[in-house]
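As the structure is a prediction and not an experimental result, all values here were calculated from the model. Just so you know, these numbers use all the heavy atoms, side chains as well, and skip hydrogens, waters and symmetry mates.
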Amino acid sequence: MPFIEVTLVEGRTPEMKAKLIEKVTEATVEAIGAPIEAIRVCIREVPKENWGVAGKQKFVTRD
């Protein structure tokens with residue numbers, strides 16, 4: 001059973017996440033022939049202030 005985990009910076013709409021789940025599932029069926037019923041997709045959302053690139057906080061919040 002394929003289990004696909006996608007990590008995103010928070011902020012996508014429920015509709016966008018549903019579309020992502022649909023497309024990742026379709027790609028998995030096509031790429032490895034897994035039965036669609038066996039595919040699991042998990043989206044993990046990270047708060048913007050917890051995202052970093054090259055040792056720097058990527059999204060800096062300003063008050």
Whichever hydrophobic residues join [X] through chains of side-chain contacts under 4.5 Å:
X: Val29; result: Ile4, Val6, Leu8, Leu20, Ile21, Val24, Ile36, Ile39, Val41, Ile43
X: Ile32; result: none
X: Met1; result: none

**Report entry** Pairing residues for Glu37 by the side chain to side chain contact (heavy atoms under 4.5 Å, CB included) criterion, not counting sequence neighbours
**Finding:**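 Testing Glu37 for side chain to side chain contact (heavy atoms under 4.5 Å, CB included), a comparison that skips the adjacent residues, returns Pro35.
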Query - Contact list for residues 7-17, test salt bridge (charged side-chain N to carboxylate O under 4.0 Å, His left out), sequence neighbours left out - result: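 Salt bridge (charged side-chain N to carboxylate O under 4.0 Å, His left out) check on residues 7-17 returns Lys17-Glu45.
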Query raised in the report: Looking only at atom types and distance, does a side-chain atom of Glu5 sit under 3.5 Å from a main-chain N or O of Arg44, one as donor and one as acceptor?
Result: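 No: the side chain of Glu5 does not pair with the backbone of Arg44.
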Query - Summary of side-chain hydrogen bond (donor to acceptor under 3.5 Å, both in side chains) pairs that have at least one residue in residues 19-32, sequence neighbours excluded - result: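 Residue pairs passing side-chain hydrogen bond (donor to acceptor under 3.5 Å, both in side chains), neighbours aside: none found.
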